[in-house]
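Some notes on the structure that comes next.
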Amino acid sequence: METKIRIGISSCLLGEKVRYDGGHKLDSFLADTLGKFVEYIPVCPEVECGLPVPREPMHLEGDPARPRLVTTRTHIDHTKRMLVWASRKVAELGRDELCGFIFKSRSPSSGMERVKVYTDTGIPARTGVGMFARVFMESFPLLPVEDEGRLHDPVIRENFIERVFAFRRWRELLAGRKGIGALVSFHTRHKLQVLSHSTKHYNELGRLVAHGKGMPVRELYSEYQRLFMEALKLTATPKKNANVLMHIMGYFKDRLTGDEKKELLENIELYRTEATPLIVPVTLIGHYVRKYDEPYLKEQVYLRPDPAELQLRNHP
Ligand code: SF4
């Protein structure tokens with residue numbers, strides 16, 4: 001890839017001292033490890049909408065569906081200021097061609113879910129969405145988003161980063177000449193990746209592409225993108241991955257030696273029962289793909305959806 005993947009991120013997660021108390025919330029995995037593969041576009045809604053550092057802390061209050069952003073002690077309402085800035089900011093971010101966004105969890109401005117909303121009952125409901133995060137997600141509903149708290153879970157982390165890289169490949173497709181041929185080639189490379197997330201979407205995308213010739217290209221691409229991103233959001237469980245691995249093994253069944261077949265089956269089973277990580281059978285299969293020079297499998301994104309250095313498939 002010529003240019004780095006662009007991801008929006010809450011500024012404080014990169015160590016910028018923009019929090020209400022003058023501090024930061026540096027996340028070293030995001031800043032140092034993932035940061036080697038992406039270009040971050042830092043966004044601090046509270047500072048960028050004109051508030052100082054340090055500042056009085058804020059919280060959400062009122063109707064959890066459309067809360068107000070209010071300072072906790074002096075009750076200054078910053079809702080309008082934040083919404084006016086947010087609608088300008090999303091227009092600007094739309095031009096940055098982002099492939100994802102990582103939000104700071106629990107923030108009344110940046111939190112993407114389960115943010116506290118203070119209601120008349122006095123008991124906060126944990127059902128809010130940060131004010132900027134809401135505007136952002138409503139503007140870019142198909143873009144992969146997560147928060148740094150959830151990204152500590154290896155399954156969520158693997159899923160999110162896989163979606164970010166998939167979105168980048170989708171953007172590359174959009175940048176080229178659009179047509180059924182380009183979409184079929186994209187679909188062919190992603191078949192096993194989609195299957196590892198959802199058989200239903202695998203079938204629906206297959207049908208869509210098969211009937212694509214009769215559809216306007218814009219409509220075809222838009223429907224494909226919706227189904228594709230919806231599929232990848234579903235977790236690729238050990239059962240689903242083992243199914244794909246068996247499917248892949250089918251391509252070699254006449255060429256693998258008895259020992260090779262036995263070793264591969266054992267490794268798939270160890271993975272399916274969660275005794276080894278996914279990287280073990282995938283590495284073995286990668287070896288056979290090269291050894292037996294299987295062209296369809298060689299181009300499958302499933303075998304290398306993102307950089308191996310991130311070690312996303314190494315968790316149990
Ligand atoms: S959580 Fe959001 S608003 Fe708060 S300091 Fe971080 S980036 Fe700024």
Side-chain angles (χ1 to χ4, degrees), residues 5-35 38-62 64 66-94 96 98-118 124-140 143-153 156-157 160 164:
I5 295 179
R6 236 176 258 147
I7 301 184
I9 188 166
S10 299
S11 308
C12 55
L13 295 174
L14 293 181
E16 291 183 21
K17 293 180 175 173
V18 285
R19 281 174 56 86
Y20 71 94
D21 57 1
H24 62 75
K25 280 285 175 185
L26 176 66
D27 184 299
S28 57
F29 170 77
L30 298 177
D32 304 330
T33 309
L34 184 59
V38 303
E39 177 191 348
Y40 285 124
I41 305 289
V43 180
C44 177
E46 292 178 16
V47 168
E48 291 182 37
C49 82
L51 298 172
V53 182
R55 58 189 171 273
E56 189 183 343
M58 286 175 270
H59 66 205
L60 296 175
E61 64 177 52
R66 290 281 155 187
R68 296 184 317 280
L69 184 63
V70 181
T71 60
T72 55
R73 195 168 37 81
T74 55
H75 303 289
I76 300 170
D77 190 333
H78 288 306
T79 308
K80 190 167 173 212
R81 171 199 282 261
M82 180 61 79
L83 288 178
V84 168
W85 168 82
S87 66
R88 270 207 324 268
K89 186 69 183 180
V90 291
E92 183 188 318
L93 291 171
D96 283 334
L98 299 179
C99 293
F101 202 106
I102 300 170
F103 291 108
K104 171 70 191 79
S105 59
R106 299 195 297 268
S107 154
S109 306
S110 302
M112 62 173 252
E113 61 171 34
R114 294 190 298 131
V115 178
K116 280 184 188 167
V117 183
Y118 291 82
R126 276 203 172 272
T127 55
V129 177
M131 200 148 278
F132 166 67
R134 180 191 293 277
V135 174
F136 183 90
M137 291 190 292
E138 285 175 354
S139 304
F140 309 109
L143 203 68
V145 293
E146 266 304 344
D147 70 43
E148 97 295 351
R150 284 171 49 88
L151 286 175
H152 291 147
D153 178 324
I156 294 175
R157 177 184 290 188
F160 172 69
V164 165

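Just follow the structure's listing: the first ligand is 1, and inside any ligand the first atom is 1.
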Proximal ligand 1 atoms for V43, defined as those under 4.0 Å from one of its heavy atoms
7 (S)
Heavy-atom contacts with K104 under 4.0 Å: which atoms of ligand 1 show up? List them by number with element.
1 (S)
Electrostatic pair E16-K104, nearest N-O below 4.0 angstrom:
no
Which label fits H59 and Y118: parallel for a plane angle under 30°, tilted from 30 to 60°, or perpendicular past 60°?
parallel
Looking at ligand 1, does L13 have a heavy atom less than 4.0 Å from it?
no
Could you tell me whether atom 8 (Fe) of ligand 1 has an N, O or S atom of C44 under 2.8 Å away?
yes
Does a side-chain heavy-atom distance below 4.5 Å link H152 with D27?
yes
For ligand 1, which atoms sit closer than 4.0 Å to a heavy atom of S11?
7 (S)
Between F101 and F140, is the ring centroid distance below 6.0 Å?
no
Check the pair M58, L51 against side-chain contact (heavy atoms from CB on, under 4.5 Å), reporting the backbone distance first and the verdict last.
CA-CA 11 Å; M58 286 175 270; L51 298 172; 3.6 Å; yes
Report the nearest protein non-hydrogen atom to atom 2 (Fe) of ligand 1: residue, atom name, distance rounded to 0.1 Å.
S110 OG, 2.3 Å
Just wondering, more than 12 heavy atoms not from R81 lying within 6.0 Å of its CZ?
yes
Starting from atom 6 (Fe) of ligand 1, which protein heavy atom do you reach first, and at what distance in Å?
C12 SG, 2.3 Å
Show which atoms of ligand 1 fall inside a sub-4.0 Å distance from at least one heavy-atom site of S107.
1 (S)
Those atoms of ligand 1 less than 4.0 Å from some heavy atom in E46:
3 (S)
For atom CZ of R55, decide whether the heavy atoms of other residues, nucleotides or ligands shown that lie under 6.0 angstrom number more than 12.
yes
Can you tell me which residue and heavy atom of the protein come closest to atom 5 (S) of ligand 1, and the distance to 0.1 Å?
R19 CG, 3.5 Å
Contact between V47 and ligand 1, counting heavy atoms under 4.0 Å?
no
Are any non-hydrogen side-chain atoms of C49 and H78 less than 4.5 angstrom apart?
no
Atom indices of ligand 1, in the order listed, that fall short of 4.0 Å to a heavy atom of V18:
5 (S)
